[in-house]
There are 2 protein chains.
Amino acid sequence: MEVINNFREIVVEKPADKIIKQIKQLISSGQLQPGDKLPPERQLCEKLGVGRSYVRDAIRKLEFYGIVKTLPQSGTVVAGLGITALEGLITDVLMLEGHDFQSLIETRLILEKQTVRLAAMRRTADDLIDLEKALDAYRAKVENGKQGIDEDLMFHIRIAEASKNSVLKSLMLIVTPDILTHFTEQNVCGGGKPYGALEEHMTILKHIQDQDPDKAELAMSAHLKGISSFKNA
Amino acid sequence: MEVINNFREIVVEKPADKIIKQIKQLISSGQLQPGDKLPPERQLCEKLGVGRSYVRDAIRKLEFYGIVKTLPQSGTVVAGLGITALEGLITDVLMLEGHDFQSLIETRLILEKQTVRLAAMRRTADDLIDLEKALDAYRAKVENGKQGIDEDLMFHIRIAEASKNSVLKSLMLIVTPDILTHFTEQNVCGGGKPYGALEEHMTILKHIQDQDPDKAELAMSAHLKGISSFKNA
DNA sequence: AACCAGTAATTGGTTAACCAATATTAAGCA
DNA sequence: TGCTTAATATTGGTTAACCAATTACTGGTT
């Protein structure tokens with residue numbers, strides 16, 4: 001074990017984050033209830049001893065999460081169903097950070113399997129055209145010896161679009177790139193066997209064409225097996 | 001049909017959103033590639049004819065999505081795997097808005113079913129204690145004639161925690177409250193039959209105790225049936 | 001006493017100026 | 001010629017001041 005590994009990553013706690021914690025504290029302690037107006041920005045920044053920009057940043061972020069709603073020239077009110085606020089912020093400030101890799105992969109497997117099922121059931125003729133285009137783009141990259149990560153991912157996204165479930169698509173867009181950031185060396189699908197992955201893509205597409213959800217799901221499972229077996233590495 | 005229904009909700013396109021669109025355009029058109037530094041804030045705000053705050057807001061939002069990374073006193077660089085940027089922003093600015101209700105419900109069904117499976121397999125003794133506490137809290141509300149929406153939701157969240165999959169839990173936290181906002185009158189689980197929902201909760205808990213994933217999933221399906229049959233209303 | 005109009009204070013929205021850290025350039029030295 | 005170093009320009013960070021819309025208040029009227 002090298003000494004270097006004993007260093008922890010430095011966490012730069014930005015001012016906005018500290019303010020968010022304080023506001024969260026106010027909400028979770030019940031001093032601020034849904035519907036309440038929270039103190040005006042000027043008062044807050046004076047009380048906290050920081051510039052108003054920071055307070056505004058904090059409020060923006062909270063608004064982003066749907067915890068507060070700010071009405072121009074009027075005030076900012078607590079909107080949330082308490083739980084979202086608390087739980088969403090318990091994982092600290094960013095919701096999607098700090099997830100363990102295994103959960104990420106497991107979740108992707110779930111999402112992809114269900115998505116491809118729906119896609120097989122609901123795909124239209126236009127969807128098939130888009131899928132073929134995406135597959136061709138990926139094939140072109142592979143035949144040029146490239147990894148084609150973007151094209152690979154795009155194929156999966158097209159499947160999500162064919163599923164006609166906009167939420168599932170959004171969730172996949174949240175989860176999948178997160179995997180890539182941890183896993184950049186690898187391509188989206190499997191371990192360094194581009195041609196194998198290409199064939200698997202073709203198999204999946206075929207089952208979608210045939211509108212066979214069960215086979216499509218199985219093919220997707222097999223396709224993602226490479227990545228999920230990697231989880232213990 | 002009342003005339004009032006012909007009005008569309010007014011969409012206030014905030015300045016930051018317009019700027020985001022322009023930057024998105026730059027990225028998707030390839031003028032800005034991953035790794036490139038984008039123009040300094042002053043230059044941008046001058047070019048766009050707005051204050052620097054707006055430009056900063058836009059950059060913050062993009063950073064939020066993981067599309068750019070801003071280095072203090074140095075510059076802002078495009079970080080993304082292009083696709084996230086494009087697709088994530090195609091649903092306009094906010095990722096979670098504009099979803100159709102049916103997709104939302106369908107997705108929740110998927111997430112809850114898979115989550116309860118994992119929970120049944122992985123739950124610890126401590127998890128069971130938490131689940132019982134949550135159930136008791138819900139029971140107390142119901143017996144007082146209340147809806148107990150928060151307690152209801154909390155039971156489901158505890159299940160997600162027992163699944164030991166942090167990503168699934170986060171996704172459920174994203175999806176479920178969104179349903180509630182469209183569906184406030186109803187409680188989380190079913191249609192106005194609090195005692196029935198309570199019994200169903202007990203059944204689910206029992207199967208989790210028994211570590212029987214299949215029965216747990218079935219019970220959850222039955223439990224959520226009320227809501228999913230509502231989808232055509 | 002209740003209500004309305006007009007004014008003053010307060011609100012978030014927006015802009016401009018200032019600051020410290022960084023990157024760049026140019027000059028000086030070996 | 002190549003490297004070091006100092007001066008300068010540029011960057012995002014931060015604060016303070018200004019603006020227009022809203023709200024609260026006061027005084028007068030009915």
Side-chain angles (χ1 to χ4, degrees), chain A residues 10-24 26-27 31-80 93-94, chain B residues 9-24 26-27 31-80 85 93-94:
Chain A
I10 296 177
V11 190
V12 279
E13 183 134 325
K14 287 189 177 179
D17 298 340
K18 289 191 178 179
I19 297 173
I20 288 182
K21 279 190 181 174
Q22 298 224 18
I23 297 180
K24 169 200 141 197
L26 286 179
I27 296 178
Q31 295 181 53
L32 279 178
Q33 299 220 344
D36 287 356
K37 275 204 334 193
L38 47 82
E41 297 179 355
R42 283 172 178 82
Q43 204 169 321
L44 276 175
C45 70
E46 186 191 348
K47 208 82 176 180
L48 297 169
V50 300
R52 197 150 75 96
S53 311
Y54 289 131
V55 175
R56 304 195 93 241
D57 279 356
I59 291 178
R60 287 286 170 74
K61 244 178 182 171
L62 290 173
E63 199 175 3
F64 212 76
Y65 286 122
I67 294 162
V68 302
K69 180 88 184 163
T70 145
L71 317 174
Q73 269 70 28
S74 170
T76 303
V77 299
V78 180
V93 186
L94 260 194
Chain B
E9 188 181 353
I10 295 178
V11 188
V12 279
E13 184 136 321
K14 286 189 178 180
D17 298 340
K18 288 190 177 180
I19 297 173
I20 288 182
K21 279 190 180 173
Q22 298 225 17
I23 297 180
K24 168 201 141 196
L26 285 179
I27 296 178
Q31 295 181 53
L32 280 177
Q33 299 217 344
D36 288 356
K37 276 204 335 195
L38 48 81
E41 296 179 355
R42 284 174 179 79
Q43 204 169 320
L44 276 176
C45 70
E46 185 190 348
K47 208 82 175 178
L48 297 169
V50 301
R52 199 150 75 94
S53 311
Y54 290 130
V55 175
R56 304 196 92 242
D57 278 358
I59 291 178
R60 289 283 172 74
K61 244 179 183 170
L62 290 173
E63 200 175 3
F64 210 76
Y65 285 123
I67 294 162
V68 302
K69 179 88 183 164
T70 146
L71 316 173
Q73 269 69 28
S74 171
T76 303
V77 300
V78 180
V93 187
L94 261 194

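Chain identifiers are assigned alphabetically (A, B, ...) following the order of the sequence lines, protein sequences preceding nucleic acid strands; residue numbering begins at 1 within each chain. This structure is a prediction, so every number in the text was calculated from the model and none was measured.
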Checklist line | salt bridge (Lys or Arg N to Asp or Glu O under 4.0 Å): pairs with one or both residues in residues 45-57 of chain B, sequence neighbours excluded | finding: A:R60-B:D57, B:E41-B:R52, B:E41-B:R56

Check: Within this structure, what is the CZ-to-P distance between B:R60 and D:dG13, rounded to whole angstrom?
Finding: 6 Å

Checklist line | Close side-chain approach of B:L62 and B:T70, heavy atoms under 4.5 Å | finding: no

Next item on the list: State the CD-CG distance between A:Q43 and A:L48, to the nearest 0.5 angstrom.
Entry: 10.5 Å

Item checked: Residue mapping more 5' on DNA chain D - nearest nucleotide basis, B:L71 or A:R52 -> B:L71

Check: Which residues satisfy the side-chain hydrogen bond (donor to acceptor under 3.5 Å, both in side chains) test with A:R42, sequence neighbours excluded?
Finding: none

Check: CD1 of B:I59 to CG of B:L44: how many Å apart, nearest 0.5 Å?
Finding: 6.0 Å

Next item on the list: Please state how far atom CG in A:L48 lies from atom C1' in D:dT15, giving the value in whole angstrom units.
Entry: 15 Å

Next item on the list: Can you figure out which of D:dG13, C:dA23, C:dG12 approaches the side chain of A:T76 most closely?
Entry: C:dG12

Check: In whole angstrom, what separates A:Q73's CD from C:dT11's P?
Finding: 12 Å

Next item on the list: Give a yes/no answer on whether the side chain of A:T70 brings an N or O atom under 4.0 Å of OP1 or OP2 in C:dG12.
Entry: no

Next item on the list: Compare every heavy atom of B:I19 with every heavy atom of B:V55, then report the nearest pair and how far apart it is.
Entry: N-CD1, 3.9 Å

Next item on the list: Using a cut-off of strictly less than 4.0 Å, decide whether A:S74 has a side-chain nitrogen or oxygen near OP1 or OP2 of D:dT23.
Entry: yes

Checklist line | Positions of residues 36-47 of chain A (non-hydrogen atom under 4.0 Å from DNA chain D), listed by number | finding: A:R42

